[in-house]
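Okay, so here's the structure we're looking at.
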Amino acid sequence: MIEKTGIPPREMVKKEFPKDERVLINPKAIIECYKEIPCNPCETSCPFDAIHVGEDINKRPVIDFDKCTGCGICVFNCPGLAISVMQLKEDKALLKIPYEFIPRPQKDALVNVVNRSGEVITVGLVKRVQEGKKQKQTALLHIEIDRDFIYDAITIEVPHGQ
Ligand code: SF4
Ligand code: SF4
């Protein structure tokens with residue numbers, strides 16, 4: 001499916017998550033970098049040595065969830081917008097996504113959350129808009145969603161007129 005449409009099937013997405021969902025009680029980076037490409041800012045930017053691409057820069061990044069703190073620095077630094085951060089909070093989840101559109105959504109705004117096919121699947125609540133310190137064009141949106149959508153939610157619908 002991904003070769004034809006560019007959309008990874010759910011089972012492929014799930015492989016990038018921790019095998020044990022309880023790990024997500026703490027925030028963890030979810031890396032959806034499915035192609036072998038010459039790129040490694042995720043590896044070089046992580047202050048906790050949690051991501052490894054290795055000597056062959058074409059290899060896909062591998063994350064060590066034990067080392068990842070969910071700080072989000074790799075999210076700001078990934079030029080492919082291929083990394084998000086997920087954290088479970090009882091029946092809710094906090095999804096942190098890169099966002100480069102202007103204007104940014106406001107804190108406490110309700111936003112349409114979409115899946116990897118671009119379909120609206122739920123409504124999320126913007127808990128925080130975290131601007132990048134070095135990467136000014138990128139913000140990290142903290143979106144609260146229902147826990148049921150953790151394997152499907154990937155970004156938000158850009159409001160009409162933008
Ligand atoms: S979220 Fe932070 S700790 Fe985790 S991989 Fe990214 S930069 Fe490293
Ligand atoms: S920085 Fe992003 S696009 Fe580049 S290898 Fe890492 S995850 Fe993939």
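The shown structure was predicted, so the numbers you read here are calculated from the model rather than taken from an experiment. Hydrogens, waters and symmetry mates are skipped; everything else that's a heavy atom, side chains included, is used.
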Same apolar cluster: Val111 and Leu94, side chain cutoff 4.5 Å:
no

Please report the shortest heavy-atom distance between Leu95 and Ile97, naming the atom on each side.
CG-CG2, 3.6 Å

Please report the interatomic distance CD(Glu131) to CG(Leu140), rounded to the nearest 0.5 Å.
10.0 Å

Would you check if the side chain of Glu43 reaches a backbone N or O of Val53 as a donor-acceptor pair within less than 3.5 Å?
yes

Under a 4.5 Å side-chain heavy-atom rule over Ile, Leu, Val, Met, Phe, Trp and Tyr, are Val126 and Val123 clustered together?
no

Just so I know, are the side chains of His52 and Pro61 near enough to count as touching, which here means a heavy-atom distance under 4.5 Å?
no

Before you tell me yes or no, could you show the steps for Ile150 and Glu21 under side chain to side chain contact (heavy atoms under 4.5 Å, CB included), namely the whole-Å CA-CA distance, both residues' side-chain angles and the distance that decides it to 0.1 Å?
CA-CA 10 Å; Ile150 62 169; Glu21 265 190 17; 3.8 Å; yes

Looking only at heavy atoms, the pair that brings Val85 and Pro27 closest together is CG1-CB, 3.8 Å

Side-chain heavy-atom pair Val62, Ile51 within 4.5 angstrom cut-off:
no

According to a 4.5 Å side-chain heavy-atom criterion applied to Ile, Leu, Val, Met, Phe, Trp and Tyr, with indirect links allowed, do Ile7 and Ile154 form part of one hydrophobic cluster?
no

Closest non-hydrogen atom pair between Ala139 and Arg104, with its separation:
CB-NE, 3.4 Å

Shortest non-hydrogen separation from Ile63 to Ala29 and the atoms involved
CD1-O, 3.5 Å

Taking only Lys NZ, Arg NE, NH1 and NH2, and the carboxylate oxygens of Asp or Glu, determine whether Asp49 and Lys67 approach each other closer than 4.0 Å.
yes

Once you round to the nearest 0.5 Å, how far does NZ of Lys133 lie from OG1 of Thr138?
15.0 Å

Examine distances only and state if a side-chain atom of Lys28 and a backbone atom of Cys68 form a donor-acceptor pair shorter than 3.5 Å.
yes

Look only at the side chain of Lys96 and the backbone of Ser84, and say whether a donor-acceptor pair between them is shorter than 3.5 Å.
no

Decide yes or no for Val120 and Val113: does some side-chain heavy atom of the first lie under 4.5 Å from some side-chain heavy atom of the second?
no

May I ask you to say whether Glu90 pairs ionically with Arg147, meaning some side-chain N is under 4.0 Å from a carboxylate O?
no

From CD1 (Ile143) to CZ (Arg128), nearest 0.5 Å:
12.5 Å

Quick one: pull up CE in Met86 and CG in Leu88 and give me the separation to the nearest 0.5 Å.
7.5 Å

Would you say that His142 contacts Val129 through its side chain, given a criterion of any heavy-atom pair below 4.5 Å between the two side chains?
no

Check for me, please, whether Phe149 and Leu141 land in the same ILVMFWY cluster - side-chain distances under 4.5 Å, paths through other members count.
yes

4.5 Å side-chain heavy-atom contact, Pro105 and Tyr99
yes

Atom NZ of Lys59: over 12 foreign heavy atoms under 6.0 Å
no

Arg10 CZ: over 12 foreign heavy atoms closer than 6.0 Å:
yes

Please answer whether the main-chain N or O of Glu119 pairs with a side-chain N or O of Ser117 as donor and acceptor at a distance below 3.5 Å.
no

Check the pair Leu110 / Leu125 against side chain to side chain contact (heavy atoms under 4.5 Å, CB included), numbers first and verdict last.
CA-CA 5 Å; Leu110 293 175; Leu125 174 67; 3.9 Å; yes

Between Arg60 and Glu32, does any side-chain N to carboxylate O distance fall below 4.0 Å?
no

Does Tyr151 belong to the same Ile/Leu/Val/Met/Phe/Trp/Tyr cluster as Ile145, with side-chain heavy atoms less than 4.5 Å apart forming each link?
yes

To the nearest 0.5 Å, what is the distance between CD1 (Ile121) and CD (Glu157)?
11.5 Å

Between the CD1 atom in Ile30 and the CZ atom in Phe17, the distance rounded to the nearest 0.5 Å is 4.5 Å

Does some side-chain heavy atom of Cys71 sit less than 4.5 Å from a side-chain heavy atom of Val75?
no

Validation row: Val13, Tyr34 side chains within 4.5 angstrom (heavy atoms):
yes

Taking the side chain as every heavy atom from C-beta outward, state whether Cys39 and Ile57 have any atom pair closer than 4.5 Å.
no

Could you check whether any side-chain N or O of Gln87 sits under 3.5 Å from a backbone N or O of Ile25, counting only pairs where one atom can act as donor and the other as acceptor?
yes

